[in-house]
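Below: one structure in structure tokens.
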Amino acid sequence: MSELGHLKDKIAVVGVGNTPYGNFPEIDDYGLGARAFRAALADCGLEKSRIDGLLVCRIPYYARMGEVLGISPRWTIPLPPHGRMSAMGIIEAMAALNAGLCNYVALIYANIGRSRRVNYGGEESPNVWDPWGYTSPGAAHAMMFRRHMAKYGTTTRQLAEVSVAVRHHATLNPDAVMRSPITIDDHENARPIVLPLRLLDYCLINDGAVSLILTTKERARDLKKPPVLISGVGAKEAFARASIPNFDLDFWYGEVREAANAAYDMAGIGPADVDALMCYDNFSPTILFSLEGLGHCPRGESGRFVEGGTLKLGGKLPTNTDGGHLSNSYMQGWALNVEAVRQLRGECGRRQVPDCAVVQFAATTPCSRSLIYTRG
Amino acid sequence: MSNAYAKPLPKIDLLNRPFWEHAKAGRLAVQRCTGCGHRHMPPSPVCPTCLGENQDWEVVSGRGRLVSWVTFHRAYWGGFGADVPYDVCMVELDEGPILVSNLVGAGQDKAAVGAAVSVLFEPVTPEITLPKFRLVE
Ligand SMILES: [Zn+2]
């Protein structure tokens, strides 16, 4: 019996929008956020005056965002600039809409890390382990992947399958930042960053913004496009070792499993029903860890599972069909939720998953989340 | 000073001062709750197990097991520029807490998850001594 069953299919994503992705020193977070918001409004045909909820992420000041957009909603949530926030925000918006705190929520995420030369390590993100030279989320994922190799025999060539499949999808996405195909050998020979991880295991750093507009299923009927429903959600944090950021001894297996099972139960489906997976890929190992927690393969088997193109379009589980963070755009989960919506609408052109009816989003992080989207 | 220490130094505060004082004296110490006995690092204002305020510092064996290790080929601080590639390890002490440190000394090619390690102390400034780890034969 699902604890969240009463929320199943109640809330719809009705509008999605994004800016181009790249290096835009001439525009700030608010400008990018406004462009994405305008695109999302146009996508659903809603007047901006109807927006009465605002959730912003990685935007310096929520009120300035409202000023720029000319909106003063009755519900507002600002979220910090962490990669793990996208599904957290979507679930909060869902709860607020269900409670009647607002009727139409705009979620806006913007990132100007490329043009402002953000490094995600060193002086800009101090932690207690700096004196030993330990810094960056990539190093934490290198630590975890080394453990996965030792525990389960996973190889870097298996890890390469992740980067190769996701890049393949980017070659089919005209908006993606990195569009030249790569091979397993390219991955193996890439510049080492923090071994065992190399350049092609790391997400991009680029500027851009994403917006989603959510409302209730009933209100969604009056809008331009068929709604995409949120059919399942699940969540579980792991805060016990937060002083070693972005690291978990067991790759958040238990937490992802708990979040995924809650979402499956709420949606009334199982892993075999998932037509496409949108998986937070800050680093390539995160996809392997996710596949196990989500139940797409047995624990420890993700390396073998991805061999031979499992994650590619036409494979068993098409994953990150827009090219993900590794090759499309570093929109910290937000763009993957947009891709989920576009896949269910059948708007994805050459990268369209045929007969796509169920899309799963997953973030395997200290705040693990799983969402299930279906066609309304 | 031409040879000033150029790497990041710890930010010493009331909570972590005993750790660095012990390290300077060549001892590895962790915070221990006098109420329930829970040991933890980094130190915490209250015990994360029982929420008690009464905590002390316990000198530990300095022995543990490699949880994992990585090799930095990128220097995120200029001060590490001359050190790359350098190894950072994660160690689970026999007494429980997990520390991040450097893996130093001979035989690093024999590093393996679960390998036994022991602490050594490297003074880097007159005030600061960094505990580091080496593989045990
Ligand atoms: Zn206690």
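In the text below, chain A, chain B and the rest are named by the order of the sequence lines, each starting its count at 1.
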Heavy-atom pairs under 4.5 Å with chain B are the metric here; pick the option from A/Gly121, A/Gly138, A/Ala139, A/Gly122 that has the most. A/Gly122
Do the rings of A/Trp252 and A/His141 sit parallel, tilted or perpendicular, given the 30° and 60° boundaries? tilted
Give the minimum heavy-atom separation between A/Asn206 and A/Ser329, together with the two atoms involved. ND2-OG, 2.9 Å
I'd like to know if the side chain of A/His148 pairs up with that of A/Glu292 as donor and acceptor (distance under 3.5 Å, no hydrogens or angles considered). yes
Under 6.0 Å from the CD atom of B/Glu127, do we count more than 12 heavy atoms belonging to anything else shown? no
Kindly check if the number of other-residue, nucleotide or ligand heavy atoms within 6.0 Å of CZ (B/Arg63) is above 12? no
Does any donor atom in the side chain of B/Thr34 or B/Asp56 lie under 3.5 Å from an acceptor atom in the other side chain? no
Side chains of A/Arg147 and B/Ser68: do they bring a donor and an acceptor to under 3.5 Å? no
Looking only at non-hydrogen atoms, find the nearest pair between B/Val100 and B/Val88 and report the distance. CG1-CG1, 3.6 Å
Can you check whether A/Tyr202 and A/Phe283 have ring centres sitting under 6.0 Å from each other? yes
Below 4.5 Å, heavy-atom pairs only: which of A/Met149, A/Met144, A/Arg146 has the largest tally toward chain B? A/Arg146
Less than 4.5 Å to any heavy atom of chain A: does that hold for the side chain of B/Phe80, its backbone, both, or neither? side chain
Aromatic ring pairing A/Trp334/A/Tyr109, orientation class (parallel under 30°, perpendicular over 60°, tilted between): parallel
Distance-only donor-acceptor check, side chains B/Gln55 and B/His40, under 3.5 Å: yes
Counting a contact as any heavy-atom pair under 4.5 Å apart, which residues of residues 240-248 of chain A contact chain B? A/Arg241, A/Ser243, A/Ile244, A/Phe247
Scored by heavy-atom pairs under 4.5 Å with chain B, the best of A/Pro126, A/Ala142, A/Gly133 is A/Gly133
Side chain / backbone / both / neither for B/Trp77 at chain A, heavy atoms under 4.5 Å: side chain
Could you tell me which of B/Glu92, B/Met41, B/His73, B/Lys11 has the largest number of non-hydrogen atom pairs under 4.5 Å with chain A? B/His73
Tell me yes or no: between the side chains of A/Asn119 and B/Arg74, is some donor less than 3.5 Å from an acceptor? yes
Salt-bridge criterion met for B/Arg27 and B/Glu58 (N-O under 4.0 Å): no
In terms of heavy-atom proximity below 4.5 Å to chain B, should A/Leu197 be classed as side chain, backbone, both, or neither? neither
Aromatic contact between A/Phe289 and A/Tyr253, with the criterion being ring centroids under 6.0 Å apart: yes or no? no
Please rank B/Asp83, B/Val113, B/Val67 by heavy-atom pairs under 4.5 Å with chain A and give me the top one. B/Val67
Is it the backbone or the side chain of B/Pro10 that comes under 4.5 Å from a heavy atom of chain A, or both, or neither? both
Could you name the residues of residues 128-137 of chain B that have a heavy atom within less than 4.5 Å of a heavy atom in chain A? B/Leu130, B/Pro131, B/Lys132
